[in-house]
There are 2 protein chains.
Amino acid sequence: MTAKRRARLYEEMSMASRRYLASYVLFNQAIADHLGLHPTDVQFLSLLSAAPAPPTVREVAEMTGLTTGSATRLVDRLERGGYVTRTPDHEDRRRVLVTPVPDRLDRVTAVWDDLGQAWQTLLDEHTDEELEVITRHMNRAHDLSHAQMRRLRSQPKPD
Amino acid sequence: MTAKRRARLYEEMSMASRRYLASYVLFNQAIADHLGLHPTDVQFLSLLSAAPAPPTVREVAEMTGLTTGSATRLVDRLERGGYVTRTPDHEDRRRVLVTPVPDRLDRVTAVWDDLGQAWQTLLDEHTDEELEVITRHMNRAHDLSHAQMRRLRSQPKPD
DNA sequence: GCGACTCGCTGCGTCACGCAACGAACTGGG
DNA sequence: CCCAGTTCGTTGCGTGACGCAGCGAGTCGC
């Protein structure tokens, strides 16, 4: 009986996560439309605002799953829009660091935070322990999906 | 002090969810590459496999955030690939129902489930209560983001 | 100082997408 | 019964994000 309950929990969670992830994709698109950007751009800006240091163009490519060529184009768009600037790396003059422009970036996170305020009330409903549970789960899922991606890439394609 | 701890939990969760969502986007791309499909296609197939009934083309558009024109093209691709079939709706002969092809769809969910096995071990580490907490959070976040999207669309663009 | 490598950039072709207009099918009022 | 008005999915068209391959510039090792 407890196994049956367990199975139901798995099923519910599977459905919940699909809807959750789908709503994120749609939400990301909505923000992009709102700011006149592309979903990829918003996705990257979200990551950039959380990055510990300005990434190189190559790292931008890895973060977004694009090729370096497309990453160059991505940075072109964002630079033209004033969201980032290109800074030469003095350590290695081949490299170009992508530096966020705080003012401009705030306009993006403002949309995020406008939602964030409603988010806050959602988070307030959780206890500390619950937050830790959710955070831990997301971190593990993140690690796992990276491991799986490496596996997937090393496998032959079914076509 | 407890407020400080609370703030740290928020911050950690914010970071975790960004990474989590980013890894989902990358993972979705990896699956798409692996199957020779597009991220949008995989995204939609995931939703289709969880849908209670075959959606119309219009509903496909709403699920994915595309226009009806692009949804037609999406269905074209998937039909050509043998993932879905078009079924006329006898209630309203203008409508076209998009019906999944179970065999073909299994090949997609197989990749999901191959990951799912590793996922299973991740889920096994959680207690029933923890699973409920996570599921509830995802459901609320889903509802919230839909509400926010409606608000965002009704707002004027900052340009 | 010379080859091998890595960095980011750039033509080029492909194709997903939004837009707008279209025919077909449904709906309602006269 | 019929004739606007609406809604359905489809389709031509233009735009632009993307992958690919090749490039000069900079770095590293023998």
Side-chain angles (χ1 to χ4, degrees), chain A residues 25-26 28-45 48 53-81 83-99 153 157 159, chain B residues 25-26 28-45 48 53-81 83-99 153 157 159:
Chain A
V25 173
L26 290 182
N28 207 49
Q29 262 180 11
I31 293 184
D33 288 347
H34 189 257
L35 293 173
L37 295 174
H38 298 270
T40 313
D41 304 11
V42 176
Q43 165 75 9
F44 168 66
L45 288 177
L48 180 63
T56 66
V57 171
R58 181 155 240 102
E59 285 166 343
V60 170
E62 286 164 5
M63 289 162 76
T64 52
L66 300 173
T67 60
T68 60
S70 300
T72 294
R73 299 301 179 15
L74 172 64
V75 176
D76 283 348
R77 287 199 302 272
L78 293 178
E79 193 177 32
R80 192 157 3 106
Y83 293 97
V84 302
T85 54
R86 280 185 226 255
T87 315
D89 183 353
H90 298 295
E91 306 280 329
D92 185 339
R93 299 217 308 279
R94 289 171 303 180
R95 285 208 269 258
V96 173
L97 300 178
V98 180
T99 316
R153 282 202 239 273
K157 298 191 181 185
D159 268 343
Chain B
V25 173
L26 290 181
N28 207 49
Q29 262 180 10
I31 293 184
D33 288 347
H34 190 257
L35 293 173
L37 295 174
H38 297 271
T40 314
D41 303 12
V42 177
Q43 164 76 11
F44 168 66
L45 288 178
L48 180 62
T56 65
V57 172
R58 183 156 239 100
E59 283 164 347
V60 170
E62 286 164 5
M63 289 161 77
T64 53
L66 299 172
T67 60
T68 61
S70 300
T72 294
R73 298 309 188 356
L74 171 63
V75 176
D76 284 348
R77 288 198 302 272
L78 294 178
E79 192 176 33
R80 192 156 5 104
Y83 294 96
V84 301
T85 54
R86 281 181 159 97
T87 314
D89 183 353
H90 298 295
E91 305 281 328
D92 185 338
R93 299 214 310 279
R94 287 171 306 178
R95 284 208 271 258
V96 174
L97 300 178
V98 180
T99 317
R153 281 202 239 276
K157 300 192 180 184
D159 269 342

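Order of the sequence lines fixes the chain letters, A, B, ..., with proteins taken first and strands second; residue numbering starts at 1 for each chain. Hydrogens, waters and symmetry mates are skipped; everything else that's a heavy atom, side chains included, is used.
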May I ask you to verify if any side-chain N or O of [X] is less than 4.0 angstrom from the OP1 or OP2 atom of [N]?
| X | N | answer |
| --- | --- | --- |
| A/Arg86 | C/dC7 | no |
| B/Thr56 | D/dG9 | yes |
| A/Arg77 | D/dA17 | yes |
| A/Arg93 | C/dC7 | no |
| A/Thr67 | D/dC20 | no |

Both A/Gly69 and A/His90 contact DNA chain D. Taking the nearest nucleotide for each, which residue is further toward the 5' end? A/Gly69
Heavy atoms from C-beta onward define the side chain here; which of D/dG19, D/dG26, C/dG8 lies closest to that of A/Thr72?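 That would be C/dG8.
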Proximity to the side chain of A/Thr40 - top-ranked nucleotide from C/dT10, D/dC18, C/dC26: D/dC18
Check B/Leu48 against B/Val98 and note the closest heavy-atom contact, atom names and distance.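 It is CD1-O, 4.1 Å.
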If I compare all heavy atoms of B/Thr64 with all of A/Gln29, which pair ends up nearest, and what's the gap? O-OE1, 3.6 Å
Could you give the [atom1]-to-[atom2] distance, from [X] to [N], as a whole number of Å?
| X | N | atom1 | atom2 | value |
| --- | --- | --- | --- | --- |
| A/Asp33 | C/dC17 | CG | P | 13 Å |
| B/Gln29 | C/dA16 | CD | P | 14 Å |
| A/Arg95 | C/dC9 | CZ | P | 14 Å |
| B/His38 | C/dC15 | NE2 | P | 8 Å |
| B/Leu74 | C/dG18 | CG | C1' | 15 Å |
| B/Leu97 | C/dA25 | CG | P | 16 Å |
| A/Leu78 | C/dG8 | CG | P | 16 Å |
| A/Asp76 | C/dG11 | CG | P | 11 Å |

Side chain proximity check, B/Leu45 to B/Leu37, heavy atoms < 4.5 angstrom: yes
Can you find a pair of side-chain heavy atoms, one from B/Thr68 and one from B/Thr72, that are under 4.5 Å apart?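 Of all side-chain heavy-atom pairs linking B/Thr72 with B/Thr68, none is under 4.5 Å.
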Would you say A/Asn28's side chain and A/Pro39's backbone share a donor-acceptor pair under 3.5 angstrom? yes
Name the nucleic acid region contacted by A/Leu66, choosing base, sugar-phosphate or nothing; use a 4.0 angstrom heavy-atom cut-off, strictly under.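 Sugar-phosphate contact only.
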Tell me what B/Arg73 touches on the nucleic acid: a base, only sugar-phosphate, or nothing, going by heavy atoms under 4.0 Å. base
Return whichever of A/Ala71 or B/Asp92 has its heavy-atom-nearest nucleotide of DNA chain C closer to the 5' end. A/Ala71
No-H, no-angle donor-acceptor pair, B/Arg94 side chain to D/dT7 base, under 3.5 Å: yes
